[in-house]
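So the structure is just underneath, and the comments pick up after that.
Sequence lines set the chain letters: A, B, ... in the order given, protein chains first and strands last, and positions in each chain run from 1.
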Amino acid sequence: MSLSKKKEIAFGIIIVILGAFYLFMTYQIESKPGVVDARTVPKILGFLMVLLGGIQIFETLKLKSKEEESKSIDTGTVVKTSSLILVYIAVFNKIGFLLSTIIFLFLQFSILAPNDMKGRKYFVINGIIAILVSLLVYMSFRYGLKIMLPQGIVTFI
Amino acid sequence: MLELFSVGIANVFAPFVLVMMLIGTIVGIIFGAVPGLSSVMAIALFLPLTYGMDPGQGLSVLIALYIGSVSGGLISAILLKIPGTPASIATCLDGHPMLEKNEGAKALGVGVVFSFLGTIISIIALIFIAPSVAKIAIKFGPHEYFSIAVFSLMLIATLSTGSMVKGIFSGVLGFAFSTVGIAPVDAVRRFTFGSVELYDGFDILTVMIGLFAVSEVIKIAETSRLEGKTDVAKVNMKVKGFGFSIKEFIEQIPNGLRSSLIGLGIGILPGIGAGTSNLVSYTVAKNSCKKPEKYGQGCIDGIVASESANNASVGGALIPLMTLGIPGDGVTALLLGAFMVHGIAPGPLLFVNYGNLVYTIFIACIVAAVMMLIVEFYGMRIFAKILKVPRHILLPIVFVFCVVGAFGLSSRIFDVWAVVVFGVIGYFFVKFKVPQAPFVIGFVLGTMAETNLRRGLMMSQDSFSGFITNPISGAFLIATAIFLAVTIIKEIKQRRRMANQ
């Protein structure tokens with residue numbers, strides 16, 4: 001269950017940078033007289049993060065190198081999935097919940113489908129599930145729970 | 001008290017609530033059973049549906065989901081040898097060997113019955129302990145709350161699994177995110193980057209949904225294309241009753257009782273819950289048994305220990321949540337958010353101002369436990385089938401519900417973006433093996449600690465002495481210091497030992 005040394009050190013560096021950035025930002029906060037003001041707690045947190053990052057790097061350097069776990073990761077699918085999520089949220093409000101969700105679900109099913117679940121049959125099934133789920137969610141929220149989801153360009157339902 | 005109970009019974013036994021709770025129990029069990037889906041997701045998914053209900057109805061449904069999902073993990077733990085949720089890791093150890101010995105139905109029966117008993121024992125404890133804790137807690141001022149928050153923060157950061165540095169970092173980062181928005185007491189704007197939407201900070205629900213649900217969707221992308229269809233073992237369910245004899249049941253009572261108490265205790269501690277208690281109680285049961293070698297070979301003792309402990313953590317986790325507003329684990333953090341959506345802040349005042357609601361929740365717990373027992377036992381065959389529904393279909397649908405849930409909070413696309421941001425953070429946490437729970441608790445308790453620190457200082461004219469001289473506050477601070485010192489010494493010793501090897 002151990003990560004490679006490089007990754008552990010990279011993590012330590014990320015914490016230090018994050019902490020330093022946060023600490024820098026705390027000095028932009030308006031200061032008021034008193035022992036403790038709005039800056040105090042964030043400052044402590046920033047210092048803690050930098051300190052933890054330092055310990056993380058130091059500790060990893062001291063330890064003997066560990067073997068990296070060999071687990072194949074499908075980076076292409078991860079990138080595709082993340083990009084699809086970003087695009088979905090970006091257009092969600094503009095083209096509306098219904099249309100964007102149908103497209104999102106259909107594409108996401110296809111991206112994630114295992115190799116033995118591809119082909120025309122699954123193509124159709126995925127399409128039907130995407131449409132049904134989107135309609136069901138939209139209708140139940142709009143008419144059942146009276147929560148308005150963005151209509152976008154599909155204004156007739 | 002009896003009067004409050006009868007109000008609670010009347011609230012829960014309304015047809016609408018019962019039907020919704022039944023659906024909640026079923027969905028909960030499914031989310032518990034399917035690996036990759038979790039209790040947090042089940043509640044995140046149902047939360048938007050409860051926006052329109054009154055608080056009692058909404059929370060009853062969420063409680064049903066919670067109880068169902070903690071128990072549901074046993075199904076896949078026995079049938080797939082994969083725990084559906086971390087709460088059932090120890091159930092696998094004896095559950096699967098029993099299945100191989102052709103005792104699958106018995107394993108499931110024992111798991112279901114002791115899940116039920118664990119839940120009931122912990123709820124009885126909840127009903128008796130919570131009001132008295134609330135009575136003490138009602139006298140607490142900012143000093144006590146600050147120290148309790150600090151104590152809890154320290155506990156979760158050090159008790160969480162894996163590296164201590166990472167656990168503490170997770171808590172600190174969560175705390176740091178809670179400082180975004182308008183500062184307590186003096187209302188100074190912090191880290192808002194000129195954005196009006198950031199004035200109110202991030203909503204706890206967006207944090208939870210992102211961290212636990214969205215990160216899971218990205219994680220599944222790593223492997224989903226590489227794996228094939230799921231194989232579910234076939235079990236002959238034609239057995240009498242629950243598949244075990246009365247003699248076996250009586251033999252297991254001490255084990256079940258001890259495991260339930262362990263689960264209850266671990267549930268009360270902040271930051272750890274069902275995911276830890278099943279392992280601890282399994283180890284305790286094994287060590288206190290005369291024949292420890294039979295564990296892992298498929299004995300019912302192991303299933304009893306694991307399943308009564310994980311469900312007993314439910315009642316335990318509800319005690320600090322309802323009496324102090326401190327969430328015990330990820331799920332209760334989400335329940336805290338659910339209370340807040342309905343404009344109610346959990347804490348000792350809950351017992352004074354919303355007595356009806358408190359007893360409605362108590363009754364809902366009991367009803368949900370009974371529903372879980374019946375549904376899980378008679379629906380076992382159906383649940384076994386659902387395990388076959390591919391995850392690449394389920395997870396994107398869960399994601400859509402997450403988006404709807406976040407958007408439904410206040411109809412802002414900002415909240416949806418926040419979910420995505422926390423999803424990315426959650427994914428990086430998974431990649432670097434950083435525990436997620438301390439982040440959530442840090443986020444919730446951070447605000448509590450800071451607000452009460454500043455209020456306390458105002459009360460004692462900028463002097464810190466009030467935090468020490470107040471007996472309860474002082475005791476918690478001393479306990480924090482001792483616990484921290486012990487943990488650090490232990491950690492250093494362990495490192496030395498590792499370095500010597």
Could you tell me which portion of [X] (side chain, backbone, both or neither) has an atom closer than 4.5 angstrom to a non-hydrogen atom of chain B?
{"X": "Ile44(A)", "answer": "neither"}
{"X": "Val78(A)", "answer": "both"}
{"X": "Leu52(A)", "answer": "both"}
{"X": "Leu18(A)", "answer": "side chain"}
{"X": "Ile89(A)", "answer": "both"}

With a 4.5 angstrom heavy-atom cut-off, is it the side chain or the backbone of [X] that approaches chain A, or both, or neither?
{"X": "Leu457(B)", "value": "side chain"}
{"X": "Ala183(B)", "value": "side chain"}
{"X": "Leu453(B)", "value": "side chain"}
{"X": "Val165(B)", "value": "both"}
{"X": "Val420(B)", "value": "side chain"}
{"X": "Val434(B)", "value": "side chain"}

Quick one: [atom1] on [X] to [atom2] on [Y], what's the gap to the nearest 0.5 Å?
{"X": "Thr77(A)", "Y": "His392(B)", "atom1": "OG1", "atom2": "NE2", "result": "12.0 Å"}
{"X": "Ile55(A)", "Y": "Lys166(B)", "atom1": "CD1", "atom2": "NZ", "result": "13.5 Å"}
{"X": "Phe141(A)", "Y": "Tyr51(B)", "atom1": "CZ", "atom2": "OH", "result": "8.5 Å"}
{"X": "Lys94(A)", "Y": "Ile413(B)", "atom1": "NZ", "atom2": "CD1", "result": "8.0 Å"}
{"X": "Glu222(B)", "Y": "Thr75(A)", "atom1": "CD", "atom2": "OG1", "result": "8.0 Å"}
{"X": "Arg454(B)", "Y": "Thr40(A)", "atom1": "CZ", "atom2": "OG1", "result": "6.5 Å"}

pair [X]-[Y]: side-chain heavy atoms closer than 4.5 Å:
{"X": "Phe104(A)", "Y": "Val403(B)", "result": "no"}
{"X": "Ile397(B)", "Y": "Ile129(A)", "result": "yes"}
{"X": "Leu51(A)", "Y": "Phe169(B)", "result": "no"}

Self-check item: For Glu450(B) against Pro42(A), the heavy-atom pair lying closest together
Solution: OE2-CD, 4.3 Å
Quiz item: Which atom names give the shortest non-hydrogen contact between Ala221(B) and Leu112(A), and what distance separates them?
Solution: CA-CD2, 3.6 Å
Exercise. Have a look at Phe11(A) and tell me which of Phe429(B), Phe432(B), Phe428(B) forms a ring pair (Phe, Tyr, Trp, His ring centres under 6.0 Å) with it.
Key: Phe432(B)
Self-check item: Within 6.0 angstrom of Phe193(B) CZ, more than 12 heavy atoms from elsewhere
Solution: yes
Quiz item: Near Tyr199(B) OH, under 6.0 Å, is it more than 12 heavy atoms from other residues, nucleotides or ligands?
Solution: yes
Quiz item: When only pairs under 4.5 Å are counted, which of Asn126(A), Val137(A), Asn93(A) shares the most heavy-atom pairs with chain B?
Solution: Asn93(A)
Exercise. Sort out for me which of Ala130(A), Ala90(A), Ser134(A) touches chain B most, counting heavy-atom pairs under 4.5 Å.
Key: Ala90(A)
Practice problem: Mind telling me whether Phe399(B) and Tyr88(A) have parallel, tilted or perpendicular rings, with 30° and 60° as the class edges? | Solution: tilted
Exercise. Answer yes if the side chains of Tyr22(A) and Thr179(B) hold a donor-acceptor pair under 3.5 Å, and no otherwise.
Key: yes
Any idea which of [options] has the most non-hydrogen atom pairs under 4.5 angstrom with chain A?
{"options": "Val172(B), Ile393(B), Val400(B), Ile218(B)", "answer": "Ile393(B)"}
{"options": "Gly423(B), Pro396(B), Ser411(B), Gly52(B)", "answer": "Pro396(B)"}
{"options": "Gly408(B), Ala176(B), Pro48(B)", "answer": "Ala176(B)"}

Practice problem: Begin with the C-alpha distance, continue with both residues' side-chain angles, and end with the deciding distance and a verdict on salt bridge (Lys or Arg N to Asp or Glu O under 4.0 Å) for Glu8(A) and Lys433(B). | Solution: CA-CA 10 Å; Glu8(A) 293 285 4; Lys433(B) 300 211 186 301; over 6 Å; no
Quiz item: Looking at the rings of Phe407(B) and Phe97(A), which for Trp means the six-membered one, are their centres under 6.0 Å apart?
Solution: no
